[in-house]
Amino acid sequence: MRNKLIVANWKMNFTVSEALKFIAGLPREAKMELEDAEVVICPPFTALYALDEAIEGIPFQLGAQNMHWEESGPFTGEISPLFLKEMNIKYVILGHSERRQHFQETDSTINKKLALALQQKLIPIVCIGETVSDHKEGQTFEVLEGQIKKILDGQLKADLGSLVWAYEPIWAIGTGKNASPEQSQEVAQWMRKLIAKILDAPTAESMRILYGGSVSEEKARGFLKQPDIDGLLVGGASLDPKKFADIIMSAAPAQ
Ligand code: 13P
């Protein structure tokens, strides 16, 4: 059985003091243990240390928004997975479309990052998604298949069960135009079948698949009801404690 996963991707937002204010401002019910659901906050690197202390007693996990594919060396400005491990970080987002767009990340660099993240026992949240023109031209499945195959190429199958995929259509990120819950289900179900073919059915069944792209507190439940959607990767709405609390609560079983 796959636990639901609600992930906040704060992107390049929030100073340390703003991050602490966010945690303090979250309604109490959002900070309680949820049955079969997990909450992960991915702040900027600079806020990780302070947040690790601030969430003591709150059942949240921390995630990083990126990492390098080497453990150490002459890579000015980069962050090693070893630094994350020592700080109690459990998750790491890899290959977000903004990193592909602005920082030249490719499926091949994401493939290298994934191998090291798995080796270091970090749980990778690997982002894939099609552009607006891929979408309009009906190329979604072809594009996603290419991304998935390149990212999985050469990985050790035994490690891959913990992998989390985030399906984030690029045309839906920060635009207010989300894929419908039914569209996201269709893609997630198709992904699972493809991964079962590439790897095997039990590994595909154990991987979690998130939807991301203009998720709001109103829309969250619609996605979470889909059988192959195991959670949400939330950008804009995760910056507002009230909205994010509502999204967390939509992962609680209906009363
Ligand atoms: P928005 O929720 O702001 O569309 O961002 C989605 C996203 O990129 C999460 O990683």
Side-chain angles (χ1 to χ4, degrees), residues 4-14 18-19 22 26 30 38-45 47-48 51 60-67 79 89-103 105 107 110 113-114 117 122-132 134-135 140 143-144 147 151 163-181 183-184 187-188 191 208-224 226 229-251:
K4 292 271 189 257
L5 188 58
I6 305 293
V7 184
N9 176 9
W10 284 356
K11 309 189 179 182
M12 197 174 75
N13 294 289
F14 286 173
E18 287 166 340
F22 174 95
L26 270 177
E38 208 179 337
V39 179
V40 180
I41 310 271
C42 302
F45 292 119
L48 282 167
L51 278 187
F60 290 177
Q61 300 290 340
L62 291 177
Q65 296 177 16
N66 181 32
M67 57 165 246
I79 295 287
I89 309 303
K90 191 164 167 195
Y91 287 86
V92 61
I93 298 176
L94 299 179
H96 191 281
S97 63
E98 288 152 11
R99 295 215 51 88
R100 294 171 185 256
Q101 189 189 343
H102 303 298
F103 304 100
E105 289 207 7
D107 292 323
I110 298 160
K113 291 180 180 201
L114 175 61
L122 287 161
I123 303 179
I125 302 173
V126 180
C127 301
I128 56 170
E130 79 282 8
T131 63
V132 69
D134 300 330
H135 180 64
T140 299
V143 168
L144 295 178
Q147 293 174 342
I151 291 170
L163 191 156
V164 178
W165 294 98
Y167 169 53
E168 295 207 307
I170 296 170
W171 50 270
I173 296 179
T175 58
K177 284 189 228 144
N178 55 286
S180 70
Q183 279 172 321
S184 67
V187 170
M191 282 173 66
R208 286 178 288 180
I209 302 177
L210 315 182
Y211 169 76
S214 295
V215 171
S216 66
E217 64 286 15
E218 290 98 8
K219 295 178 208 151
R221 213 175 276 276
F223 290 107
L224 292 170
Q226 306 301 320
I229 297 290
D230 305 306
L232 301 166
L233 181 54
V234 188
S238 76
L239 297 172
D240 179 314
K242 176 74 185 62
K243 288 183 185 169
F244 191 58
D246 285 350
I247 293 173
I248 293 176
M249 296 320 291
S250 51

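Indexing begins at 1, ligand by ligand and atom by atom, following the structure's order. All values below come from the heavy atoms of this structure, side chains included, with hydrogens, waters and symmetry mates left out.
- Comparing H96, K11, Q65, K177 by heavy-atom distance to atom 10 (O) of ligand 1, the nearest is H96.
- Distance CD1/I128 to CZ/R100: 8.0 Å, rounded to 0.5 Å.
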**Message:** Before you tell me yes or no, could you show the steps for H96 and I173 under side-chain contact (heavy atoms from CB on, under 4.5 Å), namely the whole-Å CA-CA distance, both residues' side-chain angles and the distance that decides it to 0.1 Å?
**Reply:** CA-CA 11 Å; H96 191 281; I173 296 179; 4.2 Å; yes
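- No side-chain donor from either of Q65 and W10 sits under 3.5 Å from a side-chain acceptor of the other.
- Distances from ligand 1 to the non-hydrogen atoms of A166 include no value under 4.0 Å.
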**Message:** Working note: L5 + Y91, criterion side-chain contact (heavy atoms from CB on, under 4.5 Å); need CA distance, chi angles, decisive distance, verdict.
**Reply:** CA-CA 11 Å; L5 188 58; Y91 287 86; 3.7 Å; yes
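- Of the protein's non-hydrogen atoms, the one nearest atom 9 (C) of ligand 1 is E168 OE2, 2.9 Å.
- Shortest non-hydrogen contact noted between Y211 and S184 is CD1-CB, 3.8 Å.
- Contact annotation: for I173 versus ligand 1, heavy atoms closer than 4.0 Å belong to both the backbone and the side chain.
- The main-chain N or O of S216 is never found under 3.5 Å from a side-chain atom of K243 such that the two would form a donor-acceptor pair.
- Closest non-hydrogen pair, L210 versus I125, comes out as CD1-CG2, 4.2 Å.
- Counting the atoms of ligand 1 from 1 in the order shown, those under 4.0 Å from a heavy atom of A172 are 4 (O).
- Under a 4.0 Å criterion applied to the non-hydrogen atoms of L233, ligand 1 contributes the atoms 9 (C), 10 (O).
- At the shortest separation from atom 3 (O) of ligand 1 among protein heavy atoms lies G236 N, 2.8 Å.
- Heavy atoms of G212 stay at 4.0 angstrom or farther from ligand 1.
- Within the 3.5 Å criterion, the main-chain N or O of T140 finds no donor-acceptor partner in the side chain of D134.
- Nearest to atom 2 (O) of ligand 1 among the protein's heavy atoms is G235 N, 2.9 Å.
- Atoms of ligand 1 found under 4.0 Å from any heavy atom of N9 (numbered from 1 in listed order, with element): 9 (C), 10 (O).
- Assignment of G174 to the shell around ligand 1 is supported, since a heavy atom sits closer than 4.0 Å.
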